[in-house]
Amino acid sequence: MQAEELTAKFGIADVLDFVETEHGLVRANISLDGMAGELYLQGAQVTAWQPPGERPVLFASPNAVFAPGKAIRGGIPIIFPWFGPNRYAAAAPQHGFARTATWHLDGVESSGSASLTLTLSLGDNDVGSQFWPEPFRAIYSVTFARTLSLRLAVQNSSTHAITFEEALHSYFAVSDITAVAISGLARTTYIDKTQAGRRERQPAALVTVGAETDRVYLDTPARCVIEDGGWRRRVVVEKNGAASTVVWNPWAEKGAGMADLGDPAWRGMVCVEAGNVADNEVRLAAGGEHEMSTAISVEDGQ
Ligand code: TA6
């Protein structure tokens with residue numbers, strides 16, 4: 001559906017409208033009681049969320065590419081149905097097909113000035129992936145409010161069990177990556193992707209970043225808090241149905257080498273992702289439904 005049709009069908013004056021960008025992507029603009037948000041139908045990707053009186057909470061790369069079929073660098077890409085490179089098909093796109101597919105907007109629910117929920121879906125008919133030819137339906141609901149709430153449900157429409165990985169690959173804006181500490185991962189095991197997947201133990205209570213960091217923390221359903229000493233704020237990431245937590249920053253060399261990120265943009269982001277990855281991948285019975293959700297909120301820091 002085109003932007004005008006979507007605005008006619010779902011638009012709410014001064015709260016929600018849809019635009020088509022110069023590159024042909026459709027974006028929803030949300031404005032609610034001083035809270036601002038954005039979501040692209042491509043990837044059902046939230047690219048902005050800013051509660052009233054707060055700095056932007058989500059990082060959007062100044063060099064991001066907004067083009068059909070291209071992953072957008074920033075916001076909250078949906079990673080599904082595989083995380084990273086596909087273990088069984090080297091030719092498959094990194095991080096699955098959900099983030100570059102165009103999702104359907106199925107519904108909008110508004111509760112006055114308090115919150116606005118968009119519900120989107122994607123099915124096997126929309127993607128027809130040779131790399132993951134499973135009959136499925138994914139339903140994603142995003143609630144923009146003082147808290148940003150995201151819920152991804154996956155339905156197995158086949159007569160056999162399916163297996164998949166998933167993540168809400170959230171990019172958080174930070175004052176500087178060296179001023180950040182992440183709690184909620186102490187004494188857990190992580191897969192270190194900078195060390196060929198070696199498994200390590202997280203010793204310290206707080207995760208800090210002083211070099212390229214690319215870790216899949218296993219069996220970590222607890223909430224995480226990103227303490228930003230520079231902006232004196234805490235970003236709280238609650239998780240449900242998500243057993244893994246991914247922490248990523250490419251650091252200087254890789255960051256500068258990424259055309260859609262660059263230097264010094266890499267300093268202003270940290271990914272803390274709720275997901276089910278590697279050992280925590282989801283095995284879903286025939287006809288079953290799996291749900292994962294995350295809620296992001298901001299508190300004043302020390
Ligand atoms: O979530 C961390 C990670 O898997 C890293 O390995 C890094 O590749 C990052 O995702 C970004 O991936 P992308 O395909 O968006 O460049």
Side-chain angles (χ1 to χ4, degrees), residues 7 10-19 21 25-64 66 72-78 99 105 108-120 140-151 168-177 179-180 182 223-239 249 260-261 264-274 293-301:
T7 299
F10 295 112
I12 303 170
D14 305 325
V15 171
L16 172 65
D17 74 347
F18 298 84
V19 295
T21 68
L25 298 184
V26 174
R27 184 184 68 223
N29 301 319
I30 294 106
S31 170
L32 203 60
D33 204 18
M35 187 273 302
E38 276 180 9
L39 178 147
Y40 281 80
L41 292 197
Q42 176 172 285
Q45 188 157 342
V46 177
T47 48
W49 174 63
Q50 185 172 3
E54 284 293 343
R55 298 166 188 270
V57 177
L58 302 178
F59 170 85
S61 168
N63 304 308
F66 292 86
I72 299 170
R73 182 69 62 200
I76 308 179
I78 299 173
R99 64 176 177 169
L105 179 64
V108 171
E109 211 182 305
S110 161
S111 54
S113 64
S115 75
L116 185 79
T117 300
L118 280 68
T119 302
L120 304 101
Y140 188 52
S141 60
V142 180
T143 299
F144 291 90
R146 275 190 169 277
T147 293
L148 180 68
S149 305
L150 311 152
R151 174 184 167 275
L168 298 173
H169 195 300
S170 307
Y171 287 76
F172 292 100
V174 295
S175 58
D176 188 280
I177 189 63
V180 160
I182 303 159
R223 79 178 201 162
C224 288
V225 178
I226 304 166
E227 303 265 0
D228 188 331
W231 286 343
R232 296 183 172 285
R233 82 172 176 188
R234 293 158 46 91
V235 177
V236 179
V237 182
E238 303 277 0
K239 298 168 272 178
N249 181 282
D260 64 352
L261 184 58
W266 63 270
R267 302 192 73 97
M269 58 143 283
V270 69
C271 288
V272 177
E273 312 165 28
S293 61
T294 189
I296 300 165
S297 55
V298 181
E299 299 172 353
D300 289 343

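For the residue pair Ala60 and Thr47, the shortest heavy atom distance occurs at CB-O, 4.1 Å. Considering all non-hydrogen atoms of both residues, Ala145 and Ser115 come closest at CB-CB, 3.7 Å. When all heavy atoms of Gly37 and Phe144 are compared, the pair lying nearest together is CA-CE2, 3.9 Å. Contact between Leu32 and Leu116 at its shortest, heavy atoms only, is CD2-N, 3.7 Å. Of all the heavy atoms in Leu58 and Ala48, the pair that sits closest is CD1-C, 4.1 Å. Between Asp33 and Ser113, the shortest heavy-atom distance links the atoms CB-O, 3.6 Å.
Partner of Trp49 under the side chain to side chain contact (heavy atoms under 4.5 Å, CB included) criterion, out of Val142, Ile76, Ile296: Ile296 alone. Looking at Thr21, Leu41, Leu39 one by one, the single match for side chain to side chain contact (heavy atoms under 4.5 Å, CB included) with Arg27 turns out to be Thr21.
One distance of note links CG of Leu120 with CD of Gln45; it measures 12.0 Å at 0.5 Å rounding. For the atom pair CZ (Phe172) and CD1 (Ile182), the distance works out to 9.5 Å, reported to the nearest 0.5 Å. Thr7 OG1 to Leu16 CG: the interatomic distance, rounded to the nearest 0.5 Å, is 7.0 Å. Note: Arg99 CZ to Ile72 CD1 = 10.5 Å, rounded to the nearest 0.5 Å. With rounding to the nearest 0.5 angstrom, the CD1 atom of Ile177 is 6.5 Å from the CE atom of Met269.
Taking the salt bridge (Lys or Arg N to Asp or Glu O under 4.0 Å) definition, one finds that Asp260 meets it with Arg73, sequence neighbours left out. Applying the side chain to side chain donor-acceptor pair (under 3.5 Å) test to Ser170 and every residue at least two apart in sequence or in another chain returns nothing. Remark: Ser141 engages no residue in a side chain to side chain donor-acceptor pair (under 3.5 Å) (not counting sequence neighbours).
At a threshold of 4.5 Å between non-hydrogen side-chain atoms, the residues Val272 and Ile226 count as touching. Under the 4.5 Å side-chain criterion, counting only non-hydrogen atoms from C-beta, Pro77 is in contact with Tyr171. Residues Arg234 and Ser297 form no side-chain contact, since every pair of their non-hydrogen atoms from C-beta on lies 4.5 Å or further apart. Side-chain contact between Asn29 and Glu38: present, with at least one pair of heavy atoms (C-beta onward) separated by less than 4.5 Å.
Proximity of a side-chain donor or acceptor of Ser149 to a complementary backbone N or O of Ala295 within less than 3.5 Å is not detected. Glu54 contributes no side-chain N or O that, together with a main-chain N or O of Val298, makes up a donor-acceptor pair within less than 3.5 Å. With Ser31 contributing its side chain and Val15 its backbone, the two residues share no donor-acceptor pair below 3.5 Å. Within the 3.5 Å criterion, the main-chain N or O of Thr143 finds no donor-acceptor partner in the side chain of Glu109.
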Exercise. Could you go step by step and tell me if Cys224 and Lys239 meet the side chain to side chain contact (heavy atoms under 4.5 Å, CB included) rule?
Worked result: CA-CA 8 Å; Cys224 288; Lys239 298 168 272 178; 3.6 Å; yes
For this session: Check the pair Phe10 / Leu118 against side chain to side chain contact (heavy atoms under 4.5 Å, CB included), numbers first and verdict last.
Result: CA-CA 10 Å; Phe10 295 112; Leu118 280 68; over 6 Å; no
For this session: Check the pair Ile78, His169 against side chain to side chain contact (heavy atoms under 4.5 Å, CB included), reporting the backbone distance first and the verdict last.
Result: CA-CA 6 Å; Ile78 299 173; His169 195 300; over 6 Å; no
Exercise. Can you list the steps and then say if Thr294 with Glu273 is a side chain to side chain contact (heavy atoms under 4.5 Å, CB included)?
Worked result: CA-CA 9 Å; Thr294 189; Glu273 312 165 28; over 6 Å; no
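A salt bridge does not link Arg233 with Asp228: none of the charged nitrogens is closer than 4.0 Å to a carboxylate oxygen.
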